[in-house]
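What follows is a short report on a single structure.
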Amino acid sequence: MKNFLSEKARSLAPYTAGEQPKDKRYIKLNTNENPYPPSPRALAALNTFKGDTLNLYPDPQAEELRKAIALAEGVSPENVFCGNGSDEVLALCFPAFFGEKESACFPAITYSFYEVFARFFSVPVQTVSLKEEFYIDFERLKGIDCRGYFIANPNAPTGAAVPLAEMERFIASVPDRLVIADEAYMDFYGQSCAPLTRKYENLLVVKTFSKSYSLAGMRCGYAVGCPSLIEGLFRMKDCFNSYPLDGICQAVCRAAIEDIAYHKKTVRLVISERVRLQAELRALGFTVPESGANFLFVGRARISGKEIYTRLKEEGVLVRFWDKPFLRDFCRITVGAREQNDVLIEKLKQILS
Ligand SMILES: *Cc1c(COP(=O)(O)O)cnc(C)c1O
């Protein structure tokens, strides 16, 4: 049969998301979902959404949601862009700000979707190895001749976080290059660069409702930056999909970001479990770098990441593993609710004995 796939479609290697298995009920610690439910106010917005308006297209500019995000971030709505998950926002950054002769640069170990997007949009990529195993090497990044950088902070999958002052020094040192700070996990660290967007026109901060707001199923992410960057993203959106966010999503996410107290509470719960889990894992002899995220990067001498992953899966606990250089020595484990973490620790003790 004739292969109708374009040359490009055949050449691309798509991103593989963490598994969402249906075969049995796992303790799911593999995709950094939040173990707690979304805000009751978000659920109320869902339940009171007027279904009889679904014959109409949603607001293509997501005005009300952008107002609520702007209020939370201390900026104006013209500084905010929303997309169908922050993955979509990050994807649109490539055609908006990069090109065949305008390369993107990021750490060699980081969110692997950047590389996929770059190939998809024919943007050349330059990468810089981590230093001292786990940390981003800003001195070497600065020396790379590129259009801009993607900096996941905290980084994935190491969890390593960069303090705000260090991010600012980097942003200030590359005024002619765009710095895209992917802050998917920032609420679990608490040093967001978003306020710096008022000061630096070369900074775009990307955030998501998927992790700290417990709304991975809703698909909403956003960018904060100066109006010309935001306008660039709107241009790309309107070349691709005018309505990436449905009305239900807009209403639910708006209610979620307005419920500041609930957000704080669940973030605190996740952080205190992260601290406990990290200590327990270290006590079992695992190497666990400090994490500013809702997951831990876990490795151990004489047992491969694959073995930990496989044995845990047999025991009904799902974690994330990549069979790639460096990463194959580790697993990435999402911080679950207390009882889930207890089961994880129990199973690991069995596996090690
Ligand atoms: C989870 C994640 C995202 C995106 O998540 P969405 O669900 O698409 O908002 C972006 N960047 C990193 C580093 C992530 O881990």
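The shown structure was predicted, so the numbers you read here are calculated from the model rather than taken from an experiment. Index from 1, following the sequence. Start at 1 and go down the list; that is how both ligands and their atoms are numbered. What you see below is based on every heavy atom in this structure, not just the backbone, and it leaves out hydrogens, waters and symmetry mates.
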Worksheet item: When the ring planes of Phe134 and Phe330 are compared, do they come out parallel, tilted or perpendicular, using 30° and 60° as the limits?
Response: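 Rings of Phe134 and Phe330: perpendicular, over 60°.
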
Practice prompt. Look at the aromatic rings of Tyr222 and Phe209 and report parallel, tilted or perpendicular, splitting at 30° and 60°.
Written response: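 Judged by the thresholds at 30° and 60°, the geometry between Tyr222 and Phe209 is tilted.
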
Short list, please: which atoms of ligand 1 are under 4.0 Å from a heavy atom of [X]?
{"X": "Ala184", "value": "2 (C), 3 (C), 10 (C), 11 (N), 12 (C), 14 (C)"}
{"X": "Ser210", "value": "6 (P), 7 (O), 9 (O)"}
{"X": "Gly85", "value": "8 (O), 9 (O)"}

Does ligand 1 have an atom that lies less than 4.0 angstrom from a heavy atom of [X]?
{"X": "Tyr185", "answer": "yes"}
{"X": "Gly221", "answer": "no"}
{"X": "Asn32", "answer": "no"}

Practice prompt. Kindly confirm or rule out a cation-pi arrangement of Arg332 over Phe295, judged by NZ or CZ under 6.0 Å from the six-membered ring centre and within 45° of its axis?
Written response: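 The answer is yes, since Arg332 meets both limits relative to Phe295.
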
Fill in: Axial cation check for Phe326 ring with Lys324, 6.0 Å and 45° limits
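Not satisfied by the 6.0 Å and 45° rule.
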
Fill in: Per atom 4 (C) of ligand 1, closest listed option by heavy atom (Gly83, Ser86, Gly217, Ala156)
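It is Ser86 that holds the nearest heavy atom.
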
Fill in: Proximal candidate to atom 14 (C) of ligand 1 [heavy atom criterion; set Lys211, Lys207, Glu33, Glu183]
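Residue with the shortest heavy-atom distance to the ligand atom: Lys211.
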
Pair [X] + [Y], salt bridge at N-O below 4.0 Å:
{"X": "Lys67", "Y": "Glu64", "result": "yes"}
{"X": "Glu73", "Y": "Lys207", "result": "yes"}
{"X": "Arg320", "Y": "Glu33", "result": "no"}

Item to complete: Classify the contact between Arg219 and ligand 1 as side chain, backbone, both or neither, using a heavy-atom distance cut-off of under 4.0 Å.
Response: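 Only the side chain of Arg219 comes within reach of ligand 1.
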
Worksheet item: Heavy atom under 4.0 Å from ligand 1: found in Asp182's side chain, backbone, both, or neither?
Response: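 For Asp182, only side-chain atoms sit under 4.0 Å from ligand 1.
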
